[in-house]
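Just so it is clear, the values below take in all heavy atoms, side chains as well, and ignore hydrogens, waters and symmetry mates. Below, read A as the first sequence line, B as the second, and so on, with proteins coming before strands; counting in each chain starts at 1.
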Protein chains: 2
Amino acid sequence: MSPLLPPVVTETDRASCTATDILRSVGEKWSVLVLAILNDDRPHGFNELDRTIEGLSRRILTRTLRNLEADGLFSRHPTPDRVEYSLTDLGRSLLPLVIALGEWADRNAPAIEAARRSRL
Amino acid sequence: MSPLLPPVVTETDRASCTATDILRSVGEKWSVLVLAILNDDRPHGFNELDRTIEGLSRRILTRTLRNLEADGLFSRHPTPDRVEYSLTDLGRSLLPLVIALGEWADRNAPAIEAARRSRL
DNA sequence: CTGTATCCTAGCGGATACTG
DNA sequence: CAGTATCCGCTAGGATACAG
C-alpha cells in the first residue's frame with residue numbers, strides 16, 4: 001500500500017511523481033491512444049498520427065506529444081523532411097500496465113455501463 | 001493490442017467504457033487516494049475521509065465519491081448516524097492495477113523528474 | 001510537413017457559506 | 001454528520017487560420 005497512501009496525505013505530496021500524477025498525465029484524453037499507436041516499435045511521423053486518429057486536432061496532438069515527451073515517455077527526432085516520435089524505454093515499460101487497464105476496462109465495460117444506467 | 005487500438009480510431013468510440021474512459025475517471029485528482037483509503041476492506045464515513053485527506057474540500061470529496069459510485073467502484077450505505085462508503089467487487093478488482101501503476105510511478109519517479117527538469 | 005496563434009467552451013478544482 | 005449553493009479561476013479540449 002505504501003506507494004499510494006502515506007499515513008496522512010498532504011497536498012504538497014503531489015509536487016512529485018505519484019500514481020496520481022502519472023494517471024492524470026496518461027488520463028488525458030488522447031494519451032492512451034497515442035501511446036498505443038507508438039507501441040509497434042517503429043517511429044511515427046506527426047502527420048501519420050494526425051491522420052490515424054480521427055477527431056484529434058493538430059493543436060491537441062501537439063500538446064499531447066509535448067506532455068508525454070516531457071514525462072520522458074516519448075522521444076522526438078526531427079529529420080529534414082519529417083519529425084519522428086517513438087517510445088522511450090520508460091514509455092515501453094509503462095505500456096503493459098496501461099494495456100492491463102485497457103483489458104480490465106474491456107472485461108468490465110458491461111458492469112460499468114450497467115452501474116451508470118441504474119443511476120439515471 | 002486489441003482493446004486499446006481499433007484499426008481506425010473514431011471519436012464515437014469514447015461513448016462507452018474504454019481504457020481512456022477509465023483512466024480519465026480514475027485520473028481525476030483525488031480518485032486514487034480515495035480508492036487507496038477504501039482498500040482496507042472496512043467501510044469509511046464521509047467525515048472520516050474528509051479528515052484523512054488534507055487539502056480536499058467537502059464539495060470535491062462529494063463529487064469524487066459520486067463519480068466513482070456512478071462507475072460502480074464504490075457503494076454508499078446511509079445509516080441513521082453516518083453514511084458509509086466501501087469498495088465494490090468491481091472496485092476491488094481494479095485496485096491491483098492502480099497499485100501496480102503506483103509502484104511503477106514510484107520506481108520511475110527519478111527518471112521522470114529528470115526528464116522534466118532537462119526540458120526547462 | 002509540422003507546427004503556432006487566436007479565440008472559444010465546458011468542466012475540474014477550490015473557497016466559503018449555508019442546510020436538514 | 002453529510003452534504004448543497006454560489007461563485008470563481010484555470011486549463012483541457014477544440015475550431016480555424018496562419019507560418020516556417
Side-chain angles (χ1 to χ4, degrees), chain A residues 9-15 18 20-35 37-38 43-71 74-86 116 119, chain B residues 9-15 18 20-35 37-38 43-71 74-86 116 119:
Chain A
V9 182
T10 65
E11 207 183 2
T12 50
D13 290 334
R14 290 202 355 82
T18 65
T20 301
D21 298 303
I22 298 304
L23 278 161
R24 281 173 78 83
S25 184
V26 176
E28 282 174 20
K29 186 165 179 180
W30 305 97
S31 297
V32 206
L33 248 36
V34 181
L35 271 167
I37 292 174
L38 285 231
H44 292 252
F46 183 91
N47 248 278
E48 186 187 346
L49 294 171
D50 193 28
R51 267 179 285 105
T52 306
I53 308 179
E54 216 167 294
L56 173 54
S57 73
R58 281 198 298 282
R59 196 182 96 77
I60 303 300
L61 177 56
T62 301
R63 199 184 54 196
T64 303
L65 291 169
R66 290 277 192 276
N67 288 344
L68 296 177
E69 191 200 354
D71 286 343
F74 289 178
S75 54
R76 184 174 175 276
H77 315 279
T79 72
D81 57 332
R82 60 184 292 196
V83 178
E84 307 200 317
Y85 293 87
S86 53
R116 284 179 183 158
R119 305 239 123 243
Chain B
V9 182
T10 66
E11 207 182 3
T12 51
D13 291 333
R14 290 201 355 83
T18 65
T20 301
D21 298 304
I22 297 304
L23 279 162
R24 281 172 77 81
S25 184
V26 175
E28 280 175 22
K29 187 165 178 179
W30 304 97
S31 298
V32 206
L33 248 37
V34 181
L35 271 166
I37 292 174
L38 286 230
H44 292 252
F46 183 92
N47 250 278
E48 185 188 348
L49 294 172
D50 194 27
R51 267 178 284 104
T52 306
I53 309 180
E54 216 168 296
L56 173 55
S57 74
R58 282 198 297 281
R59 197 183 95 77
I60 303 300
L61 177 57
T62 301
R63 199 183 54 196
T64 302
L65 291 169
R66 289 276 194 277
N67 288 344
L68 295 176
E69 189 199 355
D71 287 343
F74 289 176
S75 55
R76 183 174 175 278
H77 316 280
T79 73
D81 57 332
R82 60 185 292 194
V83 178
E84 307 200 315
Y85 292 88
S86 52
R116 283 179 183 158
R119 305 240 121 240

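- Closest contact between the side chain of R76(A) and the listed nucleotides dC1(C), dG3(C), dA2(D) involves dG3(C).
- We find that R63(A) and E28(A) are not joined by a salt bridge, their nearest charged nitrogen and carboxylate oxygen being 4.0 Å or further apart.
- The nearest whole Å value for the distance from the CG atom in L61(B) to the P atom in dC1(D) is 13 Å.
- For Y85(B) and dC1(D), the shortest distance from a side-chain N or O to OP1 or OP2 is not below 4.0 Å.
- Proximity note for I60(B) (side chain, C-beta onward) versus dG13(C), dT2(C), dG13(D): the nearest is dG13(C).
- Note: NZ (K29(A)) to P (dT9(C)) measures 17 Å, nearest angstrom.
- Remark: R24(B) is in phosphate contact with dG13(D), judged by side-chain N or O atoms under 4.0 Å from OP1 or OP2.
- Counting non-hydrogen atoms under 4.0 angstrom, R58(B) reaches a base of the nucleic acid.
- When rounded to the nearest whole Å, the span between CG of L68(B) and P of dC12(C) equals 12 Å.
- In this structure, R63(B) places its CZ atom 15 Å from C1' of dG3(D), rounding to the nearest Å.
- For a distance-only test at 3.5 Å, the side chain of R59(B) qualifies as a donor-acceptor partner of the base of dG13(C).
- Judged purely by distance below 3.5 Å, without hydrogens or angles, the side chains of D21(B) and T18(B) pair a donor atom with an acceptor atom.
- The side chain of R66(A) has dG3(C) as its nearest neighbour among dG3(D), dG3(C), dG13(C).
- If you check every strand for non-hydrogen atoms under 4.0 Å, D81(B) touches sugar and phosphate atoms only.
- Remark: C1' of dG14(D) and CH2 of W30(A) are 10 Å apart, rounded to the nearest angstrom.
- No side-chain donor-acceptor contact under 3.5 Å links S31(B) to the backbone of G27(B).
- Comparing dT4(C), dG3(D), dT2(C) by their closest approach to the side chain of V83(A) singles out dT2(C).
- Regarding L49(B), its CG atom lies at a distance of 13 Å from the C1' atom of dC1(D), rounded to whole Å.
- From Y85(B), atom OH reaches atom CG of L38(B) across 10.0 Å, with rounding to the nearest 0.5 Å.
- Comparing dT4(C), dT2(C), dC1(D) against the side chain of N47(B) picks out dC1(D) as the nearest.
- Between the side chains of H77(B) and T79(B), not a single donor N or O lies within less than 3.5 Å of an accepting N or O.
- Judged by closest nucleotide on DNA chain D, L65(B) is the one of L65(B) and T64(A) placed further toward the 5' end.
- Counting to the nearest Å, the P atom of dT2(C) and the CD atom of E69(A) are 14 Å from each other.
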